[in-house]
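I have placed the structure first, in the form of structure tokens, so that the comments after it can refer back to it.
Just so you know, ligand 1 is whichever comes first in the structure, and atom 1 is the first atom listed for that ligand. Below, all heavy atoms of this structure are taken into account, side chains as well, without hydrogens, waters or symmetry copies.
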Amino acid sequence: MKISERLKKVPPYLFVELDRLKNEKKEQGVDVIDLGIGDPDIPTPSEIVEVAKKALEKKEYHRYPSNLGSLFFRKAVADYMKKRFGVIFDPEKEILALIGSKEGIAHFPIGFVNPGDVVLCPDPAYPVYYLGTIFADGIPYYMPLTWENEFLPDLGKIPQEILEKAKIIWLNYPNNPTGAVAKKDFFKEVIKFAKKYNIIVAHDAAYIEMYYEEPPISIFEIDGAKDVAIEFHSLSKTFCMTGWRIGFAVGNSFLVSTLAKVKSNIDSGVFTAIQEAGAYALNNLENIVPSLIKVFKKRRDLVSLELEKLGYQFIKPSATFYLWVKTPKGFSSQEFCKKVLQDVGVVITPGAGFGKAGEGYFRIALTVEEERLKEAIQRFSILQL
Ligand SMILES: *Cc1c(COP(=O)(O)O)cnc(C)c1O
């Protein structure tokens, strides 16, 4: 048996050695603190769980769900998009429920990419943009996100011949792993660029509600965005619901309906009871989210302050639960992360794992309790560099 050429193109998993070392340390009885995981440690707020429990009893929900998502869920999404961003979406044509946003992001290129077409992917990034591209037989073109350019891609640097073959540009703000947030001017430039070169804009907004200062904007706050864009949202990080698998896509009706067509031939939608919990969460966002944000903000402030004291270089993130920190001089990101785990039992993620341009950085996820974060920082302070 042989795996496909397509699957062979998936790059090797860079965290193999770190995972092995982590397990080895645990077996040795080391109290490992894991700051590697992009998954909130806080349980889903109980009021959301209660809605789901009741919904489980509804016998009509035990049958196949609607492919596009129940209308009540899509209406909750439309209300949220209007209230939060001031943009009107038609729940029937411009909104689609997803089995988590990862699912939509991975499937989207299937609808638009032909063999040999190029997809513009940020680097460093969440890997699903280029993986979905590879699975659609497209070719990823990596746009480096650099400190100097505030972790935004420099669109002017993309070669003309790439632009001619490009079908989709992926963006993700607030950004994982850099914590960067994009402003209106950048999105304006993107929309203009996309129209000029006839490229679809696919924006991953998974962290749009996880912010500590100014609310990050939706790409649809830009005039004309609906002509060329689709945006992927997730309930996972916003409501600490990663295990539930629910998200949604909003945007241009042709883009949304094409993704729906792809999906209807692969999956059968989101369990309706989960959509009911999701709709409840979206409808009550202002009551639910602030107390969750408060927890992460405290952690962000604590770790930022202490890391700064220790002389680490990073930009304090105004959104996401990640810190993107420069590795000390003389270490590659892999070497440094290995050393931190080896010497003091703290797991952090090497930047190179998110792409070539991630080299020289490591990522800290604020997904453990404050006391553990304090302990982790204490351990950082005794590192011999
Ligand atoms: C967590 C994450 C997602 C996926 O979330 P789902 O649980 O699939 O909704 C998407 N994009 C980024 C950048 C993420 O970090």
Side-chain angles (χ1 to χ4, degrees), residues 15 35-44 48 69 73 77 80 95-109 119 121-133 135 140 142-143 145 151-153 168-182 201-211 216 218-219 230-250 259 263 266-267 269-271 274-275 277-279 281-282 285 289 292 296 317 319-324 349 351 353-355 357-358 363-367:
F15 307 131
L35 306 182
I37 307 172
D39 187 351
D41 55 312
I42 303 170
T44 306
I48 300 174
F73 177 73
V77 169
Y80 159 72
I95 296 172
L96 173 66
L98 300 173
I99 312 168
S101 63
K102 180 180 191 176
E103 177 266 302
I105 292 166
H107 287 140
F108 184 68
V119 174
C121 301
D123 169 13
Y126 184 62
V128 187
Y129 316 130
Y130 73 74
L131 293 172
T133 301
F135 290 149
Y142 296 102
M143 307 177 289
L145 309 183
F151 302 111
L152 302 170
I168 300 169
I169 179 169
W170 280 106
L171 298 170
N172 164 225
Y173 294 99
N175 185 261
N176 174 13
T178 69
V181 175
V201 181
H203 182 226
D204 176 0
Y207 294 91
I208 206 156
E209 293 304 336
M210 185 163 277
Y211 61 86
S218 160
I219 200 160
I230 183 166
E231 195 165 70
F232 293 83
H233 289 249
S234 171
L235 279 71
S236 289
K237 317 289 165 45
T238 305
F239 299 105
C240 300
M241 289 177 78
T242 50
W244 296 62
R245 312 313 304 135
I246 184 161
F248 55 90
V250 295
L259 176 57
K263 276 172 56 57
I266 297 177
D267 65 64
V270 180
F271 182 24
I274 289 179
Q275 292 187 60
L282 285 171
L285 185 137
V289 172
L292 300 172
F296 288 110
T320 76
F321 47 42
Y322 303 114
L323 276 88
W324 187 242
T349 313
F354 300 99
R363 191 191 76 175
I364 292 180
L366 303 171
T367 48

Please could you name the atoms of ligand 1 that [X] approaches to less than 4.0 Å, counting only its heavy atoms?
X      : value
Gly100 : 8 (O), 9 (O)
Arg245 : 6 (P), 7 (O), 8 (O)
Lys237 : 1 (C), 2 (C), 3 (C), 14 (C), 15 (O)
Asn172 : 13 (C)
Tyr129 : 13 (C)
Asp204 : 10 (C), 11 (N), 12 (C), 13 (C)

Looking at ligand 1, does any of its N/O atoms fall within less than 3.5 Å of an N/O of Asn176?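 The answer is yes, given that Asn176 and ligand 1 share an N or O pair closer than 3.5 Å.
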
Any N or O on Tyr126 sitting closer than 3.5 Å to an N or O of ligand 1?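 It does not: no N or O of Tyr126 is found under 3.5 Å from an N or O of ligand 1.
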
Gap separating the CG atom of Asp204 from the NE2 atom of His233, nearest 0.5 angstrom: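 Answer for the CG-NE2 pair, Asp204 versus His233, is 9.0 Å.
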
What is the distance from atom CG of Asn176 to atom CE of Met210, rounded to the nearest 0.5 Å?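 These two atoms lie 11.0 Å from each other.
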
Less than 4.0 Å is my threshold; does some heavy atom of Phe232 fall inside it relative to ligand 1?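 Under 4.0 Å: no for Phe232.
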
Does the residue Glu103 have a heavy-atom contact with ligand 1, meaning some pair of atoms that are separated by less than 4.0 Å?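 No.
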
Is the ring centre of Tyr173 less than 6.0 Å from the ring centre of Phe151?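 No, the ring centres sit 6.0 Å or more apart.
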
Kindly state whether the ring of Phe232 and the ring of Phe108 have centres lying under 6.0 angstrom apart.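 For Phe232 and Phe108, the ring centres are under 6.0 Å apart.
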
Heavy atom of the protein closest to atom 5 (O) of ligand 1 (residue, atom name, distance):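 Checking every protein heavy atom, the shortest distance to atom 5 (O) of ligand 1 gives Ser101 OG, 3.4 Å.
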
What residue and heavy atom of the protein are closest to atom 15 (O) of ligand 1, and at what distance?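 Nearest protein contact, heavy atoms only, for atom 15 (O) of ligand 1 is Tyr207 OH, 2.6 Å.
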
Which pair of heavy atoms, one from Gly179 and one from Pro317, lies closest together, and at what distance?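 Taking every non-hydrogen atom into account, O-CB, 4.2 Å.
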
Where do Leu145 and Pro124 come nearest, in terms of heavy atoms and distance?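 What the structure gives for the nearest pair is CD1-O, 3.5 Å.
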
State whether a side-chain donor-acceptor pair under 3.5 Å links Thr242 with Asp39.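 The answer is yes; a qualifying pair exists.
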
For the residue pair Tyr207 and Asn172, confirm or rule out a side-chain donor-acceptor distance under 3.5 Å.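 No donor-acceptor contact under 3.5 Å links the two side chains.
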
With heavy atoms only and a cut-off of under 4.0 Å, state how Ser236 meets ligand 1: side chain, backbone, both or neither.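 The side chain, only.
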
Spell out, as yes or no, whether a donor-acceptor pair under 3.5 Å connects the side chain of Gln275 to the backbone of Val270.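 A pair under 3.5 Å: yes.
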
